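Some notes on the structure that comes next.
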Amino acid sequence: MDLPGSSQSVMETLQSLGLHTPSSLLSTLLLPQASSDVLSLPSQEVLSSQARPKGTMAFAGKYEFEGDENYDAFVQKIGLPSDKAEMGRNCKIVTEVVQNGNDFTWTQHFPGGHTTTNSFTVGKEADMETMGGKKFKATVKMEDGKLVADFPNYRHTAEISGGKLVEISTSSGVVYKRTSKKIA
């Protein structure tokens with residue numbers, strides 16, 4: 001009987017490619033020696049999922065602020081100085097994300113020329129900066145397609161949902177959500 005993946009079909013495939021392997025050697029290589037010793041080759045689906053980290057998402061692009069929820073309560077909770085809070089209120093922040101695999105450069109352009117840039121590799125500690133200008137170290141993780149970073153006094157997640165960049169920051173139960181539309 002000739003089953004797909006059997007030594008006979010493998011032998012025929014090798015011969016069709018012009019490779020001549022003695023069947024006894026092929027049997028030794030492909031057939032299990034005992035019932036508990038089973039040869040298992042990964043499927044194409046398994047191989048393709050191993051090529052990229054689980055839950056990865058394409059973030060690359062330029063996004064313009066579209067709206068937010070709970071801004072005032074959040075910036076008050078994290079102790080953002082009033083001048084910085086005022087600068088961020090309803091301003092048209094443009095977030096530019098450059099992604100090369102797990103390497104990211106995340107830049108926020110504020111009106112008036114102020115820019116904040118964080119560069120990081122998923123799973124590796126990196127130097128970061130908060131929206132208030134405080135510098136710290138963090139390891140950005142990928143969880144269920146979301147980038148997750150623990151800032152000094154809040155947890156920040158970012159994901160692409162419906163073609164939009166959705167960022168959620170949480171501090172002691174206060175949740176701030178910012179949505180940005182893709183412009184490039």
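Not measured: the values here are computed from a predicted model. Count residues from 1 along the sequence.
- Every ring pair (Phe, Tyr, Trp, His ring centres under 6.0 Å) that F104 has, sequence neighbours left out, goes to F59, F120.
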| field | CA sep, side-chain torsions, deciding dist, call: L147, T157, side chain to side chain contact (heavy atoms under 4.5 Å, CB included) | value | CA-CA 5 Å; L147 290 172; T157 66; over 6 Å; no
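- From I168, atom CD1 reaches atom CD of E69 across 8.5 Å, with rounding to the nearest 0.5 Å.
- Going from atom CG of L165 over to atom CH2 of W106 covers 5.0 Å, rounded to the nearest 0.5 Å.
- With a 4.5 Å cut-off on side-chain heavy atoms, P152 and K134 count as touching.
- Linking Ile, Leu, Val, Met, Phe, Trp and Tyr residues whenever their side-chain heavy atoms come within less than 4.5 Å leaves F110 and I183 in two separate clusters.
- Of all heavy-atom pairs spanning S171 and F74, the tightest one is CB-CE1, 3.9 Å.
- The minimum heavy-atom distance linking A60 with Q99 is given by the pair N-OE1, 3.7 Å.
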For residues 91-98, which side-chain donor-acceptor pairs fall under 3.5 Å, sequence neighbours excluded?
unit_1 : atom_1 : unit_2 : atom_2 : d
E96    : OE1    : H109   : NE2    : 3.2

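- With rounding to the nearest 0.5 angstrom, the OG1 atom of T170 is 11.5 Å from the CD1 atom of I78.
- Separation of atoms CG (N153) and OG (S169) is listed at 10.0 Å; rounding is to 0.5 Å.
- No side-chain donor-acceptor contact under 3.5 Å links Y176 to the backbone of D68.
- Between R89 and E86 there is a salt bridge, since a side-chain N of the basic residue sits under 4.0 Å from a carboxylate O of the acidic one.
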| message | Before you tell me yes or no, could you show the steps for I160 and Y63 under side chain to side chain contact (heavy atoms under 4.5 Å, CB included), namely the whole-Å CA-CA distance, both residues' side-chain angles and the distance that decides it to 0.1 Å? | response | CA-CA 11 Å; I160 303 300; Y63 304 86; 3.4 Å; yes
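- Between T115 and T107, the closest side-chain pair of non-hydrogen atoms falls below 4.5 Å.
- Side-chain rings of Y154 and F151 approach one another, their centers coming within less than 6.0 Å.
- By the rule that hydrophobic residues join a cluster once side-chain heavy atoms approach within less than 4.5 Å of another member, V174 and V148 end up as members of separate clusters.
- Without hydrogens or angle criteria, E159 side chain to S161 main chain gives no donor-acceptor distance under 3.5 Å.
- Counting heavy atoms from C-beta outward, K84 and V75 have side chains that stay 4.5 Å or more apart.
- In this structure, the side chain of N70 engages the main chain of V175 through a donor-acceptor pair within 3.5 Å.
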| request: Could you check V140 against M128 for side chain to side chain contact (heavy atoms under 4.5 Å, CB included), going step by step and ending with a plain yes or no? | output: CA-CA 10 Å; V140 178; M128 306 284 276; 3.9 Å; yes
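- Going from atom OG of S172 over to atom NZ of K77 covers 4.5 Å, rounded to the nearest 0.5 Å.
- Within the structure, the salt bridge (charged side-chain N to carboxylate O under 4.0 Å, His left out) test picks out the following pairs touching residues 103-128 (sequence neighbours left out): D127-K137.
- In this structure, E167 does not pair ionically with K177, as no charged nitrogen and carboxylate oxygen lie closer than 4.0 Å.
- A donor-acceptor pair under 3.5 Å is absent between the side-chain atoms of T105 and the main chain of S119, judged by distance alone.
- For the pair G163 and K182, the tightest heavy-atom approach, listed with the atom from each and the gap, is O-CB, 3.8 Å.
- Distance check, rounded to the nearest 0.5 Å: CG of N118 to NE2 of H156 gives 9.5 Å.
- Residues E66 and K181 are not paired through a salt bridge, judged by the lack of any N-O separation under 4.0 Å between the basic side chain and the carboxylate.
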